[in-house]
Amino acid sequence: LTITYTDGSKQTTKVGLSDWVRHGDNSPIMFGNLVAAKTPYLNDTSGSNRRLDTYLFTTAPIMLQPSKQVASVTLPSDVSGGDFHVFAIAVG
């Protein structure tokens with residue numbers, strides 16, 4: 001992930017997200033992720049509920065350079081091990 005500041009300088013950091021179903025709660029929460037939401041089921045393709053804990057994770061907080069303003073955030077173009085879904089980015 002690349003953060004570009006209004007002065008043109010850049011900051012890069014690695015981000016990772018844990019598996020959203022944690023392989024049936026058998027996988028640890030990784031990459032310093034925080035749990036934003038958890039549900040006790042998921043909806044399957046037949047329209048029914050499947051009892052399996054599902055998670056919405058946030059990345060670990062990224063420390064920004066305090067004296068600078070963020071101009072843009074560029075997400076990684078290559079992802080390994082799954083899909084990378086971003087629902088929101090907050091700067092503050």
Q: Is there a side-chain contact between Val15 and Ile62 in this structure, where contact means two heavy atoms from C-beta onward sitting under 4.5 Å apart?
A: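 Result yes, sub-4.5 Å side-chain heavy-atom pair found.
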Q: What are the two closest heavy atoms between Thr59 and Gly16, and how far apart are they?
A: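 Thr59 and Gly16 have their closest heavy atoms at CG2-O, 4.4 Å.
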Q: If you measure from OG1 on Thr4 to CD on Gln69, what distance do you get to the nearest 0.5 Å?
A: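 Answer for the OG1-CD pair, Thr4 versus Gln69, is 14.0 Å.
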Q: Determine whether Leu56 and Ile29 fall in the same hydrophobic cluster, where Ile, Leu, Val, Met, Phe, Trp and Tyr are linked whenever their side-chain heavy atoms lie under 4.5 Å apart.
A: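 Cluster IDs for Leu56 and Ile29 differ.
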Q: Are Val79 and Val86 connected in the hydrophobic side-chain network, where two residues link if heavy atoms are under 4.5 Å apart?
A: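 Yes, because Val79 and Val86 connect within a single hydrophobic cluster, where side-chain heavy atoms sit under 4.5 Å apart.
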Q: Scan Leu34, Val35, Asp19 and name whichever one has a side-chain contact (heavy atoms from CB on, under 4.5 Å) with Phe57.
A: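 Testing each of Leu34, Val35, Asp19 against Phe57, the sole residue satisfying side-chain contact (heavy atoms from CB on, under 4.5 Å) is Val35.
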Q: Under a 4.5 Å side-chain heavy-atom rule over Ile, Leu, Val, Met, Phe, Trp and Tyr, are Leu1 and Val91 clustered together?
A: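 Yes, same cluster.
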Q: Considering only NZ, NE, NH1 and NH2 on the basic side and carboxylate oxygens on the acidic side, decide whether Lys68 and Asp7 come within less than 4.0 Å.
A: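 Looking at Lys68 and Asp7, the cut-off is met.
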Q: Verify, without hydrogens or angle tests, whether Ser18 (side chain) and Met30 (backbone) share a donor-acceptor contact under 3.5 angstrom.
A: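 Yes, the answer is positive, given that a donor and an acceptor are paired below the 3.5 Å cut-off.
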Q: Going from CG on Asp44 to CG on Asn49, what distance comes out if it is rounded to the nearest 0.5 angstrom?
A: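 Asp44 CG to Asn49 CG: 8.0 Å, rounded to 0.5 Å.
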Q: With rounding to the nearest 0.5 angstrom, report the NE2 to CG distance, His85 to Leu75.
A: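 Answer rounded to 0.5 Å: 12.5 Å.
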Q: Could you check Asp53 against Lys38 for side-chain contact (heavy atoms from CB on, under 4.5 Å), going step by step and ending with a plain yes or no?
A: CA-CA 7 Å; Asp53 288 343; Lys38 177 182 172 185; 3.4 Å; yes
Q: Are more than 12 heavy atoms, taken from residues, nucleotides or ligands other than Phe31, located less than 6.0 Å from that residue's CZ atom?
A: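 For Phe31, atom CZ is crowded (more than 12 foreign heavy atoms under 6.0 Å).
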Q: Measure across Tyr5 and Gln65 and return the closest heavy-atom pair with its distance rounded to 0.1 Å.
A: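 Answer, listing the atom of Tyr5 first, then Gln65: OH-N, 3.0 Å.
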Q: Nearest 0.5 angstrom please: Trp20 CH2 to Asn33 CG, how far?
A: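 Those atoms lie 15.5 Å apart.
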Q: What pair of heavy atoms forms the shortest contact from Gln11 to Leu64, and how long is it?
A: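 Heavy-atom minimum between the residues: OE1-CA, 4.0 Å.
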